[in-house]
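Data first, discussion second: the structure below is written as structure tokens.
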Amino acid sequence: MLGSALFAEGFEVQDAPLYGAERRGAPMLAYVRASHARIDERGVVREPDLVAVADPSLFDLPAGVLSGVRNETVLFAVTDRTADELKSRLAFSGRLVALSPPAEAGHELAGTLCAAAAARLLGIVSRSALERAINSELSSLGAERVARSRAFAVATYEALAEHGGSVREGGDVAFEPNRRPEWIELGGEPVLLSAPAIHAIQTSRLNPTGAWRVARPVIDYSECHRCHWICSSACPDAAIVLGDDGAPLVDLEHCKGCLICAVECPWHAIQIEPERRGHGAEESSA
Amino acid sequence: MNRVLLTGNAAAAWGARLSEVDYVPAFPITPQTEIIELIAELVDNHELSARFVTLESEHSMITAAGAAAATGVRVFTATSSQGLLYAMEMLYTVAGWRVPLVLVNVSRGLSAPITLEPDHNDVFAARDSGFLQFHCSSCQEVLDTVILAYRVAEHPRVRLPAIVNLDGFYLSFTREPVEIPELVAVRRVLPAYSAGSTRFAADEPTSQGVAVLGGSAYSYFRYEAHLASLAALEVHADAVRDFEDEFGRNYAAVDEYRADDPAIVFVMIGSFATKARQAVDRLREAGIDVGLVRPRLLRPFPTEAIASVLEGKEAVIVVDQNLSAGKGGVLHAEIASALYGRARAPRALLSFVGGLGGRDIAPEELFEMVRVARDSVATGRVPPPRLLFSAQDLREVRRLQALAAAPSATAQFSRAPARPENGDPRRTAEGGTS
């Protein structure tokens, strides 16, 4: 959205996601470069002028959110915390703009809010360019959802008026004679160390694939007939274990929310509930 | 003038669309899948009148592509890394059948270890197969090169399949401004495929057999394919001229950027070459004259064009984003052989290997390469090839190695798993958390 808005304003643009749709459940990032001249640099922006964080639980994960951030970098976060709280927690002394997500906005709008905030903070994107970008980028979602996204975007754009243009235009990649790479000579190492093989047992238990869920199965034990564990057998991930009394228990650390159990249960005893935003990371650390 | 933001994958799909391809055998693989998804949508919406077929593997996909091309239709397909290698025997076979088609390869490093990110080892594995090979460094170039590749591949003096390479992530998923040509203009540069004797029609069925041959005959046919590839240099030059007349964009076999006068030049291909272009500009602003030589065509290898721009240079910095284990960078060796024996061949032909698995090549690394080149010119000593790796890279690897070897990870699960109680799998009978 931001890239398209900048392009509409006449800038040369380069934008890309890193593992955009390919890695649900893991931190994702996208970067945008805008310039008056042709853009020759490639890859993830090393020293961003602006970082917009859609999900503040990312600060608690090894997601590299603050990588390359300097005091001149403006940080923006969609968060219920205040800017001061977040600045103090992150030990960041630059400008941090916090925006509380509107109650009616689901977290599918966080990206839109970030694009709108970025547009305002950059100071070089007009409201109309932002709206046109949202219309074109989200057109496949249908007119109603596009209108809703646009409304939230415009509200965010207006709400951040006092921070408008606070992102400074950065310089080109510069030749700094004193900034030299720390090249090393890599020596040959014994194969036990230098082969990319990991040998271990039961490693799948270590991976909390439950973080991938967008909806969870909830067993209604008043309806559950303790059949011959159809739900447990049907679960492709062995994520339904049995308690001592034969009652099926969903292993929420590993349940990916495929909901096959809910479909297979002959007693319709399994309900489907949407996952809470951010898997409670922000609330639990409050 | 229709200038829009397109990813490299979308640009490739546009290239196929504007080339009015007839048949698209497809199989998905990261990072090219978006190409065939876009083409499938175009076919579904009747915006591209082509037959789109999914095969069960890339090996079958290339077989289907070659067979269809042998019946005289224009064929497009796409793959990457593991998929390209899975099809490897068919790449040689299809080239040996002497049929034209365009295979877009979205470069991705090869397993093992597994990566999704780009380098050029995959496309270089196809180097000797007989396929023509084009390398793009922008999304615009991807779109335009697909069209050019058909024009060259289908020429009666060539009749060889072609690979058009773009880097995964840095081009495939990255949007850049691209001018989309008008179809009527493309048709002036790329006429309909005239299959000649290579055709099949339902009312004129025929079969194609390929004989099993011995030494003399086998040699003849392989030599002819090689000569056809060499002939493609001239065919390509004509196509480039026509393309430039029509669209104003030049795609000569070797792109020379500020490379005439300086004593030192980079040689790089692919998307990272623009980083070298940036380095050239920054260094020149600081009073250090360097240039960039970027081959767009690697098969056929533009020997004369490369030799003529590199002759007389004092130092040449070859940056390989590939590694032939046990030898070194492939491009470096090819450049060396193109220069050998020439009177004014540069004495310092430096080799740097980097960018494997998508590892970034930082601006300061490119600047440092120039420092090394200047030292080499001053001292007369040429350093050995360098594998680009920093203290930070090693720290990152050591961290991962420590995690992989961590005793706590395996010890925790050597006991039988604890039974969950009170309906919460996270609480065990011992009261700890699992």
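Reminder, nothing fancy here: chain letters follow the sequence lines and each chain counts from 1.
At a cut-off of 3.5 Å, with distance as the only test, a side-chain donor of S4(A) or R175(B) sits close to an acceptor on the other residue. Counted by atom type alone, S126(A) and E9(A) present one or more donor-acceptor pairs between their side chains at under 3.5 Å. Side chains of D167(B) and H135(B): no donor on one and acceptor on the other come within 3.5 Å. In this model, a donor atom of one side chain and an acceptor atom of the other lie less than 3.5 Å apart for Q278(B) and E41(A).
Of the two parts of L400(B), neither the backbone nor the side chain holds a non-hydrogen atom closer than 4.5 Å to a non-hydrogen atom of chain A. If you measure heavy-atom distances from P196(A) to chain B, the contacts under 4.5 Å come from the side chain alone. For I184(A), the parts sitting under 4.5 Å from any heavy atom of chain B are the backbone and the side chain alike. Residue I219(A) does not touch chain B at all, counting heavy-atom pairs closer than 4.5 Å. Only the side chain of Q401(B) comes within contact range of chain A, with at least one heavy atom under 4.5 Å from a heavy atom of that chain. Heavy atoms closer than 4.5 Å to chain A are found nowhere in T7(B), neither backbone nor side chain. Contacts between D393(B) and chain A at a heavy-atom distance below 4.5 Å are absent for every atom of the residue. With a threshold of 4.5 angstrom between heavy atoms, I288(B) approaches chain A through side-chain atoms but not through N, CA, C or O. Interface residue R46(A): only side-chain heavy atoms are found under 4.5 Å from chain B. At a 4.5 Å heavy-atom cutoff, E285(B) makes no contact with chain A through either its backbone or its side chain. For chain A, no part of R284(B) is nearby; none of its heavy atoms comes within less than 4.5 Å.
The greatest number of non-hydrogen atom pairs below 4.5 Å with chain A, out of E117(B), R371(B), Q392(B), is found for R371(B). Ranked by non-hydrogen atom pairs under 4.5 Å with chain A, the options V4(B), V397(B), L387(B) are led by V4(B). Among E137(A), H254(A), E176(A), the residue making the largest number of heavy-atom pairs under 4.5 Å with chain B is E137(A). Ranked by heavy-atom pairs under 4.5 Å with chain B, the list A195(A), A174(A), A197(A) is led by A174(A). Most heavy-atom pairs under 4.5 Å with chain A, from the set K275(B), R277(B), R282(B): that is R277(B). Taking A16(A), A30(A), G3(A), P177(A) one by one and counting their heavy-atom pairs under 4.5 Å with chain B, the maximum is reached by A16(A). Note: F389(B) leads F389(B), Y170(B), F272(B) in heavy-atom pairs under 4.5 Å with chain A. Chosen from P363(B), P177(B), A112(B), the residue pairing most often with chain A at heavy-atom distances under 4.5 Å is P177(B).
R42(A) is listed as a side-chain neighbour of T274(B), based on a closest heavy-atom distance under 4.5 Å. I270(A) places none of its side-chain heavy atoms less than 4.5 Å from the side chain of V250(A). Looking only at side-chain heavy atoms (C-beta outward), D15(A) and L2(A) stay at 4.5 Å or farther from each other.
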Between R108(B) and T30(B), is a side chain to side chain donor-acceptor pair (under 3.5 Å) present by the stated rule, with each step listed?
CA-CA 8 Å; R108(B) 168 182 157 185; T30(B) 301; 4.9 Å; no
Step by step, work out the salt bridge (charged side-chain N to carboxylate O under 4.0 Å, His left out) result for R70(A) and D49(A).
CA-CA 8 Å; R70(A) 303 143 295 151; D49(A) 301 305; 3.6 Å; yes
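In this structure, the side chain of S390(B) does not engage the main chain of E182(A) through any donor-acceptor pair within 3.5 Å.
In this structure, W183(A) and F352(B) have tilted ring planes: the angle between them lies in the 30° to 60° band.
Here E12(A) pairs with R3(B) in a salt bridge; the nearest charged N to carboxylate O distance falls below 4.0 Å.
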